[in-house]
> 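Take this structure first; my questions come after.
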There are 2 protein chains.
Amino acid sequence: MRPRESNRQGRHLASFALLLCAEEPTHGLALHRSINKLLPEGLKVDVGNLYRLLREMEARGTLRSEWSTVGSGAARRVYQITPVGLDELADWREDIARRRQAFDLFIQRYDALPARNARALKESAK
Amino acid sequence: MRPRESNRQGRHLASFALLLCAEEPTHGLALHRSINKLLPEGLKVDVGNLYRLLREMEARGTLRSEWSTVGSGAARRVYQITPVGLDELADWREDIARRRQAFDLFIQRYDALPARNARALKESAK
DNA sequence: GGAAATATATGTAAATCACATATACATGGC
DNA sequence: GCCATGTATATGTGATTTACATATATTTCC
């Protein structure tokens with residue numbers, strides 16, 4: 001079970017969606033582009049699932065939307081974060097900070113593996 | 001959809017299992033304890049799924065096991081990492097480093113949110 | 001010898017994911 | 001005006017994963 005090559009939206013998708021909507025209201029497709037630009041290779045998000053998530057988040061009250069026809073192109077549903085969403089975003093920040101710590105620990109300990117594990121160290125030098 | 005409170009094994013469970021077995025051969029329950037000590041609150045691992053994973057990893061050839069009766073207590077299946085496992089562990093290191101970058105970015109951008117998002121900043125100050 | 005702990009599993013309903021498909025409108029070319 | 005292409009918002013769904021429950025065997029300790 002090596003790191004997946006296929007798409008994986010990850011459960012922090014919601015966190016990134018909240019963050020980006022807090023920075024600036026956007027619509028689904030733009031959000032999709034931003035998130036996928038920001039995420040590493042194996043974690044790209046499926047656009048269909050993003051739309052589903054957005055509606056669910058609106059139902060939960062963390063985002064709210066309205067149709068926008070400003071500019072050119074098809075009408076967009078523009079999402080912005082709510083006060084409830086800001087609270088949850090704060091929770092996500094804590095959560096992500098903790099995960100990052102676990103990742104740090106992993107990397108520290110990996111890099112500290114004895115040199116006899118030649119393959120591992122060779123790869124990590126890239 | 002805030003950070004889950006319930007258990008969540010995450011797909012990096014395999015990576016931690018490989019790492020700990022690379023550091024030193026161990027058996028399932030000990031591995032379970034180590035991993036859960038190391039993981040943050042919301043990411044604790046289910047022991048049943050860990051056992052399933054271990055067998056699958058052995059089938060894939062990233063770990064191999066043998067029964068051990070040294071010491072006291074019930075017989076244990078002790079796992080150690082294989083050369084193939086070391087290769088995959090190296091892949092995991094890359095993968096996790098990339099994810100950590102995404103997390104760093106999230107935190108940076110969260111902390112840079114304008115102060116008018118009062119709730120968010122208040123929480124993050126903890 | 002019996003209760004509690006240790007150790008290794010398996011069963012399974014519900015949730016999530018990855019990928020396919022659908023619908024509507026706009027835009028630019030001809 | 002019409003059609004191909006692009007943009008935007010969805011829904012459908014089979015397969016996988018997860019979270020939690022249960023099963024089985026052995027050991028330890030009183």
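Sequence lines set the chain letters: A, B, ... in the order given, protein chains first and strands last, and positions in each chain run from 1. Hydrogens, waters and symmetry mates are skipped; everything else that's a heavy atom, side chains included, is used.
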> Show your reasoning for whether side-chain hydrogen bond (donor to acceptor under 3.5 Å, both in side chains) applies to B/Ser68 and B/Arg76.
CA-CA 5 Å; B/Ser68 160; B/Arg76 299 138 211 202; 5.9 Å; no
> How close or far is atom C1' of D/dA8 from atom CG of A/Leu31, stated in whole angstroms?
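Atom-to-atom, A/Leu31 to D/dA8, this comes out as 13 Å.
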> How many whole angstroms separate atom CG of B/Leu50 from atom C1' of D/dT17?
15 Å
> By side-chain contact (heavy atoms from CB on, under 4.5 Å), which residues pair with B/Ala74, not counting sequence neighbours?
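Per chain and number, B/Ala74 pairs via side-chain contact (heavy atoms from CB on, under 4.5 Å) with no residue.
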> Among residues at least two apart in sequence or on other chains, which ones pass side-chain contact (heavy atoms from CB on, under 4.5 Å) with A/Leu105?
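A/Leu105 satisfies side-chain contact (heavy atoms from CB on, under 4.5 Å) with A/Gln108, A/Arg109, B/Leu38 only.
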> Would you mind reading off the distance between B/His32 atom NE2 and C/dA5 atom C1', rounded to a whole angstrom?
16 Å
> Run the side-chain hydrogen bond (donor to acceptor under 3.5 Å, both in side chains) test against B/Arg33 and tell me which residues pass, sequence neighbours left out.
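Not a single residue meets the side-chain hydrogen bond (donor to acceptor under 3.5 Å, both in side chains) criterion with B/Arg33.
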> What pairs with A/Phe103 under ring pair (Phe, Tyr, Trp, His ring centres under 6.0 Å), at least two apart in sequence or on another chain?
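Listed in chain order: B/His12, B/Phe103.
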> How long is the line joining CZ of A/Arg33 and C1' of D/dT7, in whole Å?
8 Å
> Atom CG of B/Leu13 to atom P of D/dA19: distance rounded to whole Å?
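Checked: the CG to P distance equals 11 Å.
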> Tabulated below should be each protein N or O lying under 3.5 Å from an N or O of nucleotides 23-30 of chain D; please produce it.
| from | atom 1 | to | atom 2 | distance (Å) |
| --- | --- | --- | --- | --- |
| D/dT28 | OP1 | B/Gly73 | N | 2.7 |

> Going 5' to 3' along nucleotides 9-14 of chain C, which nucleotides have protein heavy atoms under 4.0 Å from the base (write B), which only from the sugar-phosphate (write S), and which from neither (write -)?
BBBB--
> Could you tell me which residues satisfy ring pair (Phe, Tyr, Trp, His ring centres under 6.0 Å) with B/Tyr79, sequence neighbours excluded, listed by chain and number?
none
> Expressed in angstrom and rounded to an integer, what is the separation of A/Leu54 atom CG from D/dT11 atom P?
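These atoms are roughly 12 Å apart.
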> Name all pairs fulfilling the ring-ring contact (aromatic ring centres under 6.0 Å, His included) condition that reach into residues 13-49 of chain B, sequence neighbours left out, sorted by first residue then second.
A/Phe106-B/Phe16
> May I have the distance from A/His27 (atom NE2) to D/dT9 (atom C1'), rounded to whole angstrom?
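Rounded to the whole Å, the gap is 10 Å.
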> With sequence neighbours excluded, tell me which residues meet side-chain contact (heavy atoms from CB on, under 4.5 Å) with A/Thr82.
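Partners of A/Thr82 under the side-chain contact (heavy atoms from CB on, under 4.5 Å) test: A/Arg64, A/Val84.
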> For B/Leu53 and D/dT16, what is the distance between atoms CG and C1' respectively, to the nearest whole Å?
14 Å
